[in-house]
Novice: 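Encoded as structure tokens, here's the structure I'll be asking about.
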Protein chains: 2
Amino acid sequence: MRYIARVEVSLKPGHSDPEGETTRDSLKELNYPVRDVRVSKVYTILLEASSIKEAEEQVEEMSRRLLANPVKDDYRISVEEAR
Amino acid sequence: MRYIARVEVSLKPGHSDPEGETTRDSLKELNYPVRDVRVSKVYTILLEASSIKEAEEQVEEMSRRLLANPVKDDYRISVEEAR
């Protein structure tokens with residue numbers, strides 16, 4: 001079976017986000033009333049697995065090992081069957 | 001009023017995604033049964049506006065002007081009142 005996983009990796013609260021700060025400053029220079037900007041990344045992964053449970057476990061492991069940095073990142077996973 | 005907007009910027013179909021390809025190759029080297037990876041970016045923006053309609057219009061304009069590249073990116077916006 002094929003599954004589609006979405007992994008959203010964002011900085012933990014309190015960690016500085018230079019890309020977000022630069023984006024906020026650029027938007028302010030264009031006169032938008034922006035207070036704060038945070039940037040996160042979404043990995044959309046097409047994978048094979050024998051069940052949704054196995055797919056979720058694999059994606060959890062990928063996230064821990066490769067996609068997120070446990071020191072500074074949080075991540076959120078969702079998995080569904082691919083159509 | 002304060003609003004929180006989420007803008008997800010992703011590559012249009014058919015545009016190559018070097019970061020996604022590198023991530024896919026790294027996951028394959030770790031023996032994960034991954035077919036494809038696409039990477040997108042989410043901007044979470046805290047802004048001031050007088051109504052949700054105004055907030056949506058502002059964020060639509062920011063996306064067009066600064067956050068997304070109209071040649072290669074799609075974007076999807078959602079806005080809600082900040083608590």
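Atoms considered below: every heavy atom in the structure, side chains included; atoms not considered: hydrogens, waters and symmetry mates. By convention in this document, chain letters (A, B, ...) are assigned in the order of the sequence lines, proteins followed by strands, and residues within each chain are numbered from 1.
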Novice: Do you reckon A:V79 sits in the same ILVMFWY cluster as B:V39, going by side-chain contacts under 4.5 Å, direct or chained?
Specialist: yes

Novice: Heavy atom to heavy atom, less than 4.5 Å: which residues from residues 52-63 of chain B reach chain A?
Specialist: B:Q58, B:E61, B:M62

Novice: Does any heavy atom of chain A fall under 4.5 Å from the side chain of B:R2, the backbone, both, or neither of them?
Specialist: side chain

Novice: Can A:E8 and B:K41 be counted as an ion pair, charged N to O under 4.0 angstrom?
Specialist: no

Novice: Would B:V34 and A:I77 show up in the same hydrophobic cluster when neighbours are defined by side-chain heavy atoms closer than 4.5 Å?
Specialist: yes

Novice: Are A:L27 and B:Y75 connected in the hydrophobic side-chain network, where two residues link if heavy atoms are under 4.5 Å apart?
Specialist: yes

Novice: Within a strict 4.5 Å, meaning less than it, do heavy atoms of the B:L67 and A:T23 side chains meet?
Specialist: yes

Novice: Answer yes if B:L30 and A:L46 sit in the same cluster of Ile, Leu, Val, Met, Phe, Trp and Tyr residues linked by side chain heavy atoms under 4.5 Å apart, and no otherwise.
Specialist: no

Novice: Is B:R76 atom CZ crowded by more than 12 heavy atoms from other residues, nucleotides or ligands, each under 6.0 Å away?
Specialist: no

Novice: Show, in sequence, the C-alpha distance, side-chain angles and deciding distance for B:V37 and A:T44, and conclude whether the side chain to side chain contact (heavy atoms under 4.5 Å, CB included) test is met.
Specialist: CA-CA 6 Å; B:V37 179; A:T44 304; over 6 Å; no

Novice: Below 4.5 Å, heavy atoms only, C-beta onward: do A:R24 and B:Y43 meet side chain to side chain?
Specialist: no

Novice: Should B:L47 and A:Y32 count as side-chain neighbours, where that means a heavy-atom distance under 4.5 Å?
Specialist: no

Novice: Need one label for A:L66: side chain, backbone, both or neither, based on atoms under 4.5 Å from any heavy atom in chain B.
Specialist: side chain

Novice: What part of B:I4 gets closer than 4.5 Å to chain A, counting heavy atoms only: side chain, backbone, both or neither?
Specialist: neither

